[in-house]
Protein chains: 2
Amino acid sequence: MALSTARAAIDDSEFDRDTSVAARADEPGVYDAELSEGWTIGSAVNGGYLLAVAARALRAWLPHPDPLTITAHYLTPATAGPAVIRTQTVRVGRTMSTGQAFLLQRAEDGTEVERLRVLAGHSALDALPDDVRTSARPPLMPAYDACVGRESAPEGAPFVGSTAIMDRLDLRLDPATAGWAVGAPSGAGVIRGWLGLADGRDHDPLSLLLAVDALPPTAFDLGLQGWTPTLELTVHLRCRPAPGPVRVSLTTRNLAGGLLEEDAEVWDSADRLVAQSRQLARAPRG
Amino acid sequence: MALSTARAAIDDSEFDRDTSVAARADEPGVYDAELSEGWTIGSAVNGGYLLAVAARALRAWLPHPDPLTITAHYLTPATAGPAVIRTQTVRVGRTMSTGQAFLLQRAEDGTEVERLRVLAGHSALDALPDDVRTSARPPLMPAYDACVGRESAPEGAPFVGSTAIMDRLDLRLDPATAGWAVGAPSGAGVIRGWLGLADGRDHDPLSLLLAVDALPPTAFDLGLQGWTPTLELTVHLRCRPAPGPVRVSLTTRNLAGGLLEEDAEVWDSADRLVAQSRQLARAPRG
């Protein structure tokens with residue numbers, strides 16, 4: 001039995017440290033970051049984690065803290081190590097600002113290579129009116145305790161044991177969407193799970209950017225082998241999440257032309273639809 | 001009975017003329033356009049039309065012609081009249097390029113004011129592999145002839161008669177989603193219709209950008225009065241559309257906090273899911 005440890009707090013956790021940015025005093029709008037090896041899947045730095053780093057810089061730069069709508073185009077593969085985020089103001093309004101972020105890393109020859117190009121509309125989630133007329137319903141799925149974590153995964157199951165990011169997530173999958181791990185994908189292109197952070201930190205708006213891209217890909221449930229590199233990811237953040245793990249539901253319905261879309265919905269413990277996203281990804285060869 | 005006229009062709013139609021851009025010989029990457037009064041809704045220039053103008057400039061500038069994924073942030077209201085589109089290359093790859101477009105207009109004091117900020121990943125739709133494993137199905141809706149056009153709309157019905165854009169569209173709504181026009185919104189937040197262009201031009205990738213934003217807003221079907229200004233729109237174009245009107249299905253499921261998302265699916269006559277989009281819009285007061 002593990003020694004009980006205090007749960008990490010928002011702003012003082014692995015995720016916060018690994019997404020932190022440092023402003024350059026002499027270059028307003030320019031931030032340094034250290035991309036952590038801890039959020040990799042195989043050799044790839046997780047796309048949601050990268051987006052959260054860029055959003056952290058935009059939060060520091062823009063007058064409004066939270067992305068309402070944020071789009072990233074993934075240009076070249078990021079690597080663990082130093083990165084610079086250059087931000088730009090597009091427009092400042094009373095309740096909303098628009099900005100861009102350019103996340104770059106130095107190549108071996110010393111030139112800066114852009115990894116992500118980001119465009120975002122920021123506001124203050126806590127200042128939004130409190131009307132809720134959401135007609136969508138949370139996904140039907142078993143309770144957290146009835147979902148399966150990595151300790152249940154068979155030897156050699158893809159994704160689950162072989163990636164650093166899994167050490168940082170508290171992920172439990174709906175067994176109905178985990179058949180691929182035992183060679184029996186459902187074919188529906190759906191993945192559902194409960195997602196928390198391993199150190200116990202509750203979610204906040206920035207960790208929701210990770211949450212939409214942190215589950216196994218729907219491609220596994222479609223019986224495809226191999227990764228689905230994200231070309232573009234757009235996330236809407238609609239509400240500050242309540243404490244506790246969130247429920248994430250991924251769906252792919254349009255696998256065609258060597259591409260697929262993957263839609264994510266994130267529901268918090270108060271049954272609010274706190275985030276919605278869609279990404280366009282390259283389909284794997286398999 | 002109307003005199004029969006030849007149907008307009010792709011590249012020689014109202015839509016093509018009104019979205020055309022002229023390259024500035026002395027300023028590579030800069031294009032002039034004239035935003036037409038013909039694509040307005042009330043006093044607002046239609047957002048999908050604006051996106052198509054920006055995409056036309058990106059098509060001219062980038063080595064790849066078709067947006068696979070394109071995001072626009074709507075910053076200030078555009079007006080009919082001259083506009084300039086400044087394009088930028090973000091990255092050029094073998095099968096895909098990424099670029100940005102900035103659509104600006106001159107204010108009365110002569111300064112340039114940005115209307116749209118666009119980020120797009122372009123490719124060649126005709127060069128995509130031809131596998132189709134789409135699990136989504138076309139919307140269940142009546143045939144074109146059983147859907148209702150503006151001639152069926154009652155006096156004073158919102159949207160239908162009062163906007164210039166309606167003269168340029170061949171729009172027929174599923175009666176099940178047109179109750180709002182007679183004071184009986186379904187409350188489901190769904191709008192479905194057949195959409196062609198009034199001059200008979202078939203759709204192409206650029207007119208699909210119009211198509212995702214050309215139907216009455218789901219807000220009407222939710223019983224809300226007033227417009228839902230688009231903050232951000234992201235469109236995935238997945239296939240060149242086959243000839244004939246497309247079926248467009250709009251859905252809103254997350255009206256909350258003074259905002260709503262509106263999802264669009266566009267299906268062509270070959271039953272392909274040719275475009276998918278999501279926009280974030282401000283909810284009306286009503």
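Throughout, a chain's letter reflects where its sequence line sits, starting with A, and its residues are numbered from 1. Scope of the values below: all heavy atoms of this structure, side chains included, with no hydrogens, waters or symmetry mates.
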Exercise for review: For A/Glu232 and B/Ile70, run side chain to side chain contact (heavy atoms under 4.5 Å, CB included): C-alpha distance rounded to whole Å, both residues' side-chain angles, the deciding distance at 0.1 Å, then the answer.
Suggested key: CA-CA 9 Å; A/Glu232 170 264 326; B/Ile70 183 165; over 6 Å; no

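- For B/Ser97, no part lies near chain A; criterion is any non-hydrogen pair under 4.5 Å.
- Residue contact with chain B, scored on non-hydrogen atoms closer than 4.5 Å, involves the backbone and the side chain of A/Leu119 alike.
- For the set B/Leu128, B/Thr98, B/Leu260, B/Asp131, the count of heavy-atom pairs under 4.5 angstrom toward chain A peaks at B/Asp131.
- Within the model, atoms OG1 of B/Thr234 and CG of A/Leu233 stand 10.0 Å from one another, a figure rounded to the nearest 0.5 Å.
- The two residues A/Arg238 and B/Glu261 have their closest heavy-atom pair at NH1-N, 3.9 Å.
- Within a 6.0 Å sphere centred on CG of A/Asp130, heavy atoms belonging to other residues, nucleotides or ligands number 12 at most.
- The residue among B/Thr71, B/Val118, B/Val132 with the most heavy atom pairs within less than 4.5 Å of chain A is B/Thr71.
- Residue contact with chain B, scored on non-hydrogen atoms closer than 4.5 Å, is absent for A/Ser123.
- The structure places CG of B/Asp263 at 5.5 Å from CZ of A/Arg278, a figure rounded to the nearest 0.5 Å.
- Rounding to the nearest 0.5 Å gives a distance of 6.5 Å between CD of B/Gln276 and CZ of A/Arg253.
- Contact of B/Ala120 with chain A is made through the backbone alone, with heavy-atom distances under 4.5 Å.
- Contact detail for B/Thr134 and A/Ala256: the closest heavy-atom pair is OG1-CB, 3.8 Å.
- Here the closest heavy-atom approach between residue B/Ser135 and residue A/Thr252 is recorded as OG-O, 3.8 Å.
- When heavy atoms are compared at a cutoff of 4.5 Å, B/Leu231 approaches chain A solely by way of its side chain, counted from C-beta outward.
- Proximity of B/Gln279 to A/His236: side-chain heavy atoms (C-beta onward) are nowhere separated by under 4.5 Å.
- In this structure a side-chain-to-backbone donor-acceptor pair under 3.5 Å is missing from B/Asn254 to A/Ala136.
- How far NE2 of A/His73 is from CZ of B/Arg91: 13.0 Å, rounded to the nearest 0.5 Å.
- Going from atom OG1 of B/Thr69 over to atom CG of A/Leu259 covers 10.0 Å, rounded to the nearest 0.5 Å.
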